[in-house]
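Here is the naming used below: chain letters follow the sequence lines, and residue numbers restart at 1 for every chain. No experiment lies behind these values; they were computed from the predicted model shown.
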There are 2 protein chains.
Amino acid sequence: MTTSEHRGGDLPHGLEVLWDLREKAQRGPREGLSVERIVAAAIASADEDGLASLSMARVAKRLDFATMSLYRHVSSKDELQMLMVDVAYGTPPVLTETGDEWRAGLEKWARAFLEVFRAHPWMLQITVAGPPLEPGQLSWLECGLRTLGGTGLRPDEKLSVMLLMIGYVRTNAQLFGSSPAVDGEDAADADLMASYGKMLANIVARDAFPALSELIEAHTFDEPKDDFGFGLERVLDGIDALVRSRVTQ
Amino acid sequence: MTTSEHRGGDLPHGLEVLWDLREKAQRGPREGLSVERIVAAAIASADEDGLASLSMARVAKRLDFATMSLYRHVSSKDELQMLMVDVAYGTPPVLTETGDEWRAGLEKWARAFLEVFRAHPWMLQITVAGPPLEPGQLSWLECGLRTLGGTGLRPDEKLSVMLLMIGYVRTNAQLFGSSPAVDGEDAADADLMASYGKMLANIVARDAFPALSELIEAHTFDEPKDDFGFGLERVLDGIDALVRSRVTQ
DNA sequence: ACGCATCGTGTATGCTATACGCACAGGGGT
DNA sequence: ACCCCTGTGCGTATAGCATACACGATGCGT
């Protein structure tokens, strides 16, 4: 395998893989292993056993190959993790909402994006350095930007809006997404939140944290409700205000 | 050292340390080492060499103690990392803005919060499971909630607003905060962004990413400007819209 | 049929977290 | 003054980790 040079000067190996910029090898034996299979196995391993117990040896065992064979296709564990994240992002939904239906579109976008982190919680534990150059992450950005097409926002404003959305979904997933979404989702969330409220009430000194105590006493954490959806509407309200101000200008 | 039971039923060891719920030992030799010193050394190590090369042995060497001595004060590396994050959060600024000056207050809050992640980039790589029970993180939440005191928002709305703010700052720090804030801050950022724009333009297929290409061609990434501040104003606009709607109701 | 790029992998190295047990310190109760 | 018992520091040992390197096998281009 050699680098194709007609696009992207000298990219890291991992990015070349993700962008399909690698030419197939001519000489040599057929490959029994591939980056795709390795990444898929690694994702499955992380989904099942968590990121902490992900290791080259475990991934190799899953594929019935020797540990060192992985290194023929993946230059390091860090690169593998980068690949895992981007593949796990998958492809964003095709949003039919356009023009002034941007709000419904962004809501669908947010819920689908949240679902990604619910399915693969370990994604939040992997940080890729610098701004994203990977196709998976960028395709979600692209998808969001596209639904903002009819808003009349400036390009940089659209970017800011998407940064806001990404941040909201990620933070929400990180804080409340420890329970898997599979069975009895809302019930589990409610239990979690209720016990969190109790724990918080026990631990927090009322005089040192008055505003937080007010939150606790208002039973914000006790009632089961769609926290994500509620906050999301607030975010969309904010964006709506921005859009309106641009329209009237 | 034994657990004090009058507050918090049976908390994890790390939380007891952070909330100062541990009683001093009566019998036994004076401690030459302490959790505080260990955490401080670990933070210094992560600041200098990054989280990847943080190890118990390195931290111990910094303190001129044996590796295993750390385990007398810290139950595991995971716990140490949790402690590191919470101590590194430090204490939020004391905001004098109250009532209808919430916007200026939140802006100060956001910039101070960003500074934390700029000073300790590794904090973004450590994920603590579940909603926060640590005093550091909670004190920032408390600080933000307090500046929202005069807005007339419901408690749960205030929480959503703060979630939004936290998410925005974290995402921004993660994406653009790879360069340290110490010297020539804006210049470094501008260079980084410009080269990012070029790289993006090289890599992105125009037909598959039309909205993203529009962004690139609008030179959104080329011009040096205060991205954080710009996006922040959009977020605050959104919150402002929410606040106004509650006031008029 | 030869050569050579590529593949899979066994071995080895140095690092990692951490369980366990020992030696010792020093205040509390007698 | 004595002993005991809790807490401390740490040496040793183990299991797991990522990964460098060298070797043999493979099969296409010539």
Side-chain angles (χ1 to χ4, degrees), chain A residues 1-4 12-14 16-17 22-39 41-42 45-46 49-84 122 125-126, chain B residues 1-4 12-14 16-17 22-39 41-42 45-46 49-84 122 125-126:
Chain A
M1 291 211 186
T2 334
T3 304
S4 122
H13 173 258
E16 282 178 358
V17 170
R22 320 215 77 220
E23 295 162 359
K24 278 204 213 99
Q26 311 291 8
R27 287 174 281 262
R30 295 182 307 275
E31 55 181 19
L33 208 46
S34 69
V35 197
E36 288 77 14
R37 287 186 58 196
I38 293 173
V39 173
S45 173
D49 310 315
L51 190 65
S53 55
L54 179 84
S55 77
M56 294 292 168
R58 277 176 89 110
V59 174
K61 187 156 285 177
R62 243 171 203 276
L63 296 164
D64 267 315
F65 277 81
T67 307
M68 288 311 292
S69 304
L70 305 187
Y71 285 93
R72 284 282 164 203
H73 305 267
V74 152
S75 71
S76 72
K77 192 187 178 182
D78 274 351
E79 187 188 282
L80 175 59
Q81 290 190 337
M82 186 258 257
L83 294 171
M84 288 170 65
W122 45 265
Q125 296 177 51
I126 299 174
Chain B
M1 288 214 187
T2 334
T3 305
S4 120
H13 173 257
E16 282 179 357
V17 170
R22 322 216 75 223
E23 293 162 1
K24 278 204 214 99
Q26 310 292 8
R27 285 174 284 262
R30 295 179 308 272
E31 55 182 19
L33 208 45
S34 68
V35 197
E36 287 77 15
R37 287 186 59 197
I38 292 173
V39 172
S45 174
D49 310 314
L51 191 65
S53 53
L54 179 83
S55 77
M56 294 293 169
R58 277 176 90 110
V59 174
K61 187 157 285 178
R62 244 171 203 275
L63 296 164
D64 267 317
F65 276 81
T67 306
M68 289 310 293
S69 303
L70 305 187
Y71 286 93
R72 283 282 164 203
H73 306 267
V74 153
S75 70
S76 72
K77 193 187 179 183
D78 274 351
E79 187 187 282
L80 174 59
Q81 289 190 338
M82 186 260 257
L83 294 171
M84 287 170 65
W122 46 265
Q125 297 178 50
I126 300 175

Using a 4.0 Å heavy-atom cut-off across all strands, classify B:M68 as base, sugar-phosphate, or nothing. base
Atom pair distance, as rounded to whole Å: CG in B:D78 and P in C:dT16: 16 Å
Main-chain N/O of A:F65 paired to A:S69 side chain as donor or acceptor, under 3.5 Å: no
I want to confirm an ordering. Mapping B:P29 and B:K77 to their closest nucleotides on DNA chain C, which one lands closer to the 5' end? B:K77
If you look at every strand shown and take non-hydrogen atoms under 4.0 Å, does B:F65 touch a base, only sugar-phosphate, or nothing? sugar-phosphate
Show your working on side-chain contact (heavy atoms from CB on, under 4.5 Å) between A:D78 and A:M82 and close with a plain yes or no. CA-CA 6 Å; A:D78 274 351; A:M82 186 258 257; over 6 Å; no
I need the minimum non-hydrogen distance between B:D49 and B:S53, along with the two atoms involved. O-OG, 2.8 Å
Nearest-Å distance, CZ (A:R72) to C1' (D:dA18)? 16 Å
Along DNA chain D (nearest heavy atom to each residue), the more 5'-positioned of B:T67 and B:G28: B:G28
Between C1' on D:dC17 and CG on A:L80, what's the gap in Å once rounded to a whole number? 14 Å
Using atom CG of A:L70 as one end and atom P of C:dG8 as the other, report the distance to the nearest whole Å. 10 Å
Could you check B:M56 against B:R27 and say which one's nearest nucleotide on DNA chain C is further toward the 5' end? B:M56
Locate the shortest heavy-atom distance separating A:M84 from A:V39; write the atom from each residue and the value. CA-CG1, 3.9 Å
A:S69 near the nucleic acid: base, sugar-phosphate alone, or nothing, with a heavy-atom cut-off under 4.0 Å? base
Does B:R30 make a side-chain N or O approach to OP1 or OP2 of C:dG26 shorter than 4.0 Å? yes
Whether the side chain of B:R22 engages the backbone of B:H13 through a donor-acceptor N/O pair (distance < 3.5 Å, no angle test) should be reported. no
Any side-chain N or O of A:H73 less than 4.0 Å from the OP1 or OP2 oxygen of C:dT6? no
For B:L33 and D:dT8, give me the distance from atom CG to atom P, rounded to whole Å. 10 Å
Expressed as a whole number of angstroms, how long is the span from A:E23:CD to C:dT6:P? 11 Å
